[in-house]
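It should be emphasised that the depicted structure is a prediction, and the values quoted were computed from it without experimental measurement.
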Amino acid sequence: MSNARVLTGPEVAKHNSRDDCWIIVHGKAYDVTDFLPEHPGGQAIILKYAGKDATVAYEPIHPPDAITTNLPPSKHLGPVDASTVAKVVQEVTEEQKRLEKYRAAKPSIDTVISLHDFETVARLVIPEKAWAYYSSASDDEITIRENRMAYQRVWFRPRILRDVSTVDWSTTILGQKSTLPVYISATALGKLGHPDGELCLTRAAANTGVIQMVATLASCSFDEIVDAAKPGQPLFLQLYVNRDREITRKYVQHAEKRGVKGLFITVDAPQLGRREKDMRMKQVGDEGVAEVQRGQKVKKDEGVARAISSFIDPSLSWKDIPWFKSITKMPIILKGIGTAEDAILAYEAGVQGIVLSNHGGRQLDTARSGLEVLVEVTAALRARGYLPNPNFEIYVDGGVRRASDVLKALALGAKAVGVGRPFLYAFCAYGQEGVEKAIQIFRDEFEMNMRLLGARSIDEIVPEMVDASALTSHSVLTPPDNLFHSTYQPLIGAKFNES
Ligand code: 173
């Protein structure tokens, strides 16, 4: 029940124990005592703010409506008089000093000329924890590097003298117009790196005619994102399937009602990969354990993503596909296919597409690159007479940094390519303008590469334009002084306590 009276800071502060825990978020108080054991991110982080204003910690990780939808109305205690609330004192840390220094010295956006540049800049202007979470990949980070290397094992076979005065790289994805054969792939927790989070993507997509795939675990709420889109702007939705299917059904049907044009169900994450950079980062910097947390086993090795992923249903199986088809008319695409066998099953299950993906190297380490999988998938589907089929599209993601990468994937049979981290880094570094610049860089690269390849439109990009004979050979050397080698950071070992 909503309390009509405005509460004061000292009143809220009295409820500061595990048995009686109130917190303030966005100027309103909530009784989270019963919710503590259910909090996907663990109790410890809430208890740290028991009786206090938790907005700073809440904001980057949760959509604004997470607390109101997860707590029953009886636990919504109503507004708190802001003038009576003690400010959560945020001392200026070494990290903040570092961030200020780098933000002041940030290269002008005009000097950014490749997608790699966004990564170089983002690393230094976002909090260490954000960088650790975004950049991390699983285990020994072999696959994240392989995603990049695979593109370097495919070589072009360009055609000449074709009058390339006009070249056009626009296409359609699931029947929706796209100015690039590229979509913005889902990445979670955008507000860790920029206060506007995923809205930077939505607004840039609106201005450039590119399609954004909205993440289930975006920092901005789904409705905020849809509200920020222009009328008619197509959006896709990435779906993590909840253990409680009723929640998933409502979420999917709400998305359909709001006009989402494609449902990308993530199928490669029944459990989240162990991303050691993220896990290590969690172990440092959490010294501020509050009194109420003492004696409690504080899980310190989870990392940001694992901590909030417990709702994802590991029992998801092929048997669930008919159910998805029964609850929505949106095209269904399975995101995270890694073999021809599963591509065939997906086709036979009657979905409209597949994303050949290893989740940006964040799930099964030493899984192959989407590009390599593409070759076996198109061969197997063709052999069964399943391709060509205008109602079944194949996408690839992971490691794409150049239009030339996209052209290779298209030549090998992809309809479009997903790009995740580079757009994320673009907005971490320069907000919406960064994303627009990233798209401009793609346009410039497409124009040049298509001219040099002798392809005037997307249909003229054919398998004969690439030599992929080295693709399955994993030992081809590439020059070690590549830009991407300097953006990938070495893993670090266990840390000794400081004496
Ligand atoms: O790759 C990820 O980090 C991811 O997909 C995820 C999953 C669960 C929670 C947060 C992010």
Side-chain angles (χ1 to χ4, degrees), residues 35 37-42 62-63 66 69-70 137-139 143 185-189 213-218 222 236-256 260 262-275 278-279 299 301-368 370 373 377 395 397:
F35 176 70
E38 289 161 38
H39 182 231
H62 308 81
T69 50
N70 279 304
S138 51
D139 295 1
T143 288
S185 198
T187 48
L189 305 181
M213 183 198 297
V214 178
T216 296
L217 290 161
F222 172 79
F236 298 148
L237 179 66
Q238 174 271 334
L239 181 72
Y240 272 124
V241 180
N242 200 300
R243 292 170 193 267
D244 179 345
R245 290 303 153 84
E246 207 33 37
I247 294 178
T248 291
R249 186 184 62 75
K250 285 196 189 122
Y251 186 62
V252 168
Q253 292 181 339
H254 178 67
E256 181 165 5
V260 165
L263 183 67
F264 288 68
I265 305 176
T266 297
V267 293
D268 61 6
Q271 177 178 347
L272 233 50
R274 290 168 54 86
R275 299 136 187 198
D278 191 28
M279 293 162 84
K299 266 196 164 180
D301 63 348
E302 287 272 81
V304 176
R306 285 193 134 212
I308 61 167
S309 64
S310 54
F311 74 93
I312 300 172
D313 190 350
S315 82
L316 189 67
S317 83
W318 289 107
K319 292 195 202 109
D320 294 302
I321 307 297
W323 179 75
F324 284 105
K325 293 209 275 188
S326 77
I327 63 163
T328 182
K329 293 201 164 49
M330 287 185 281
I332 294 171
I333 297 87
L334 302 186
K335 175 174 178 286
I337 299 272
T339 59
E341 292 90 311
D342 282 337
I344 290 166
L345 290 178
Y347 186 97
E348 292 174 348
V351 297
Q352 280 71 40
I354 48 178
V355 185
L356 309 179
S357 169
N358 51 42
H359 208 120
R362 294 160 79 80
Q363 289 299 107
L364 181 63
D365 199 24
T366 67
R368 298 171 302 166
V373 175
V377 163
Y395 318 108
D397 71 23

Apply the test side-chain contact (heavy atoms from CB on, under 4.5 Å) to residues Val252 and Met330: give CA-CA distance (whole Å), side-chain angles for both, the deciding distance (0.1 Å), then the verdict. CA-CA 9 Å; Val252 168; Met330 287 185 281; 3.7 Å; yes

Closest non-hydrogen atom pair, Ala186 against Gln238: CB-CB, 3.5 Å

What distance separates Phe324 CZ from Ile265 CD1, expressed to the nearest 0.5 Å? 4.0 Å

Keeping the roles fixed (side chain from Arg362, backbone from Gly273), state whether a donor-acceptor pair exists under 3.5 Å. no

Test side-chain contact (heavy atoms from CB on, under 4.5 Å) applied to Thr248 and Leu239, step by step: CA-CA 8 Å; Thr248 291; Leu239 181 72; 4.0 Å; yes

Yes or no on side-chain contact (heavy atoms from CB on, under 4.5 Å) for Tyr251 and Leu237, after CA distance, side-chain angles and deciding distance? CA-CA 10 Å; Tyr251 186 62; Leu237 179 66; 3.6 Å; yes

What is the minimum heavy-atom distance between Pro314 and Pro270, and which atoms define it? CB-O, 3.6 Å

What is the distance from atom NZ of Lys329 to atom CG of Leu263, rounded to the nearest 0.5 Å? 14.0 Å

Which word best sums up how the rings of Phe264 and Tyr395 line up, parallel for under 30°, tilted for 30 to 60°, or perpendicular for over 60°? tilted

Between Ile337 and Ala346, what is the shortest heavy-atom contact and its length? CD1-CB, 4.3 Å

Just by distance, do the side chain of Thr143 and the backbone of Ala367 share a donor-acceptor pair under 3.5 Å? yes

Nearest 0.5 angstrom please: Asp397 CG to His359 NE2, how far? 9.0 Å

Euclidean distance, Arg275 CZ relative to Met279 CE, rounded to 0.5 Å: 10.5 Å

Nearest non-hydrogen partners of Ser315 and Arg245, listed with the distance: OG-NH2, 3.9 Å

Assess whether side-chain contact (heavy atoms from CB on, under 4.5 Å) is satisfied between Lys335 and Ser185, documenting all intermediate values. CA-CA 10 Å; Lys335 175 174 178 286; Ser185 198; 3.9 Å; yes

Between Gln363 and Arg274, is any side-chain donor less than 3.5 angstrom from a side-chain acceptor? no

I need the minimum non-hydrogen distance between Asn358 and Gly361, along with the two atoms involved. OD1-N, 2.9 Å

Once rounded to the nearest 0.5 Å, what's the spacing between atom CG of Leu334 and atom CG of Leu316? 9.0 Å

Report yes if the side chains of Asp342 and Trp318 come closer than 4.5 Å at any heavy-atom pair, otherwise no. yes

What closest approach, in Å, do Arg243 and Ser310 show between heavy atoms, and which atom pair accounts for it? NE-O, 2.9 Å

Rounded to the nearest 0.5 Å, how far apart are OG1 of Thr216 and CG of Asn242? 9.5 Å

